[in-house]
S.K.: 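Handing you this structure, nothing more for now.
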Number of protein chains: 2
Amino acid sequence: MFFSTTTNGIDAKGRVSVPADFRASVAGDTINGIYVWRSFNGPFLEGGGQRLMEELSAAIDAMDPYDDSRTAFERVIFGGARPLTFDSTGRVSLPKEFAEFASLSSKATFVGMGKRFEIWDPEAHAERHARDLEFARENKSALRRPPANGFRPGEGA
Amino acid sequence: MFFSTTTNGIDAKGRVSVPADFRASVAGDTINGIYVWRSFNGPFLEGGGQRLMEELSAAIDAMDPYDDSRTAFERVIFGGARPLTFDSTGRVSLPKEFAEFASLSSKATFVGMGKRFEIWDPEAHAERHARDLEFARENKSALRRPPANGFRPGEGA
DNA sequence: TGGGATACCATGGGATTTCATGGGAAACAA
DNA sequence: TTGTTTCCCATGAAATCCCATGGTATCCCA
């Protein structure tokens, strides 16, 4: 599982250290690294380990082989995700398109989200975090009984 | 597994580099190359490695020997697929009919689809990608619980 | 409980390898 | 022959590997 929030530097070569505890939670995967993709939900990246990709793959496999919605998901998910392998010190190098998409320049904030994690530009994250905090404060009762209609903080912003 | 999206050039001789990570995921197959066929879902090519062909073969084997759809699949899949072997630097040369079918001229976009991949003309891919992305965004919950049939990505977009 | 030693972690930079691509020569087909 | 396809080598750019360093948290023992 991915926990806590860490900000690390991005060097001139586009490399960034993945937080050590994130690395620990994907240790033992067949690839020595993580999978990263552009979020559907905003200007940040999302990532996870092998296990997460396998879960997504299984969800897709449950669909009809050539159903149009299945191929759409396959293109977006498999085509959009990239495996990034660790170097010997636990860094990955961020593809330019990914860095641009998330407006990452000199620093990256890794946010643990349980099964997956997010990678934000520190400033963008600070703003979003403030909103999330306010939302959580106003809706804390929802934690006990999740809302039926699936609303999400910050969606549609 | 095939991941990520890469665009490579097609040279005057009709050769195109297969992305290195695609090559890595078919390394060890008995043929040093990939299998490619015309999609029956649109103006693009599909491809995969040995393992995929064997799976398709097994799926067809499970059908009735003289089922009309079985023989149709056999003709389309085995008759339509061509093994393309890598040269020493990892390129394949695209048969003219394939390039024409997918409107490929100077560049080809390889899209990882998990077990298989697609090859698109970059412009055609950009259009389709935009539609797929929108679809995925609107229907991401379907990943958890597949839709009950009927709705299609991009229809009426 | 303090303080020093140790292990871990993020970071920097140089050297090396890989990768995509171009073009010539050789093998092959018509 | 003439045109086409396959093999091989060359090249520049980009990604990766490897070693070094400083800082920080942790451990251990007095």
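Just so we're clear, the structure is a prediction, and the values are computed from it rather than from any experiment.
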S.K.: Set out, line by line, the N/O atom pairs under 3.5 Å between protein and nucleotides 22-27 of chain D.
M.R.:
none

S.K.: Tell me whether R116(B) forms a cation-pi arrangement with F3(B), defined as NZ or CZ under 6.0 Å from the six-membered ring centre and within 45 degrees of its axis.
M.R.: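 Not flagged: R116(B) not positioned over aromatic ring of F3(B).
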S.K.: Does a side-chain N-to-carboxylate-O contact under 4.0 Å join R38(B) and E46(B)?
M.R.: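 Result for this pair is no, no salt bridge flagged.
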S.K.: Using a cut-off of 6.0 Å, state whether more than 12 heavy atoms not belonging to E123(B) lie near its atom CD.
M.R.: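 Not more than 12 within 6.0 Å, no.
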S.K.: If you round to the nearest 0.5 Å, how far is CG of D29(B) from CG of L52(B)?
M.R.: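 Answer rounded to 0.5 Å: 10.5 Å.
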S.K.: Does either side chain, that of E118(B) or that of S39(B), offer a donor lying less than 3.5 Å from an acceptor on the other one?
M.R.: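 S39(B) and E118(B) do not have a side-chain donor-acceptor pair below 3.5 Å.
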S.K.: Counting heavy atoms not belonging to F86(B), are there more than 12 under 6.0 Å from its CZ?
M.R.: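 Yes.
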S.K.: Within a reach of under 6.0 Å around CD of E127(B), are more than 12 heavy atoms found that belong to other residues, nucleotides or ligands?
M.R.: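 12 or below, so no.
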S.K.: Using a 4.5 Å cut-off on heavy atoms from C-beta on, say whether the side chain of R82(A) contacts that of F98(A).
M.R.: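 Heavy-atom side-chain distance check passes, below 4.5 Å.
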S.K.: Output the residues of residues 6-16 of chain A in contact with DNA chain C, where contact means a heavy atom of the residue under 4.0 Å from an atom of the strand; sort by number or write none.
M.R.: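 Hits under 4.0 Å, by residue number: N8(A), G9(A), D11(A), K13(A), R15(A).
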S.K.: Listed in order of residue number, which residues of residues 84-104 of chain A have a non-hydrogen atom at under 4.0 Å from DNA chain C?
M.R.: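 Listed by number, they are T89(A), R91(A).
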S.K.: For the pair F2(B) and F117(B), name the ring-plane relationship: parallel under 30°, tilted 30 to 60°, perpendicular over 60°.
M.R.: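 Perpendicular, since the angle between the ring planes exceeds 60°.
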S.K.: In terms of side-chain geometry, is the basic nitrogen of K115(B) or E74(A) positioned less than 4.0 Å from the acidic oxygen of its partner?
M.R.: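 Looking at K115(B) and E74(A), the cut-off is not met.
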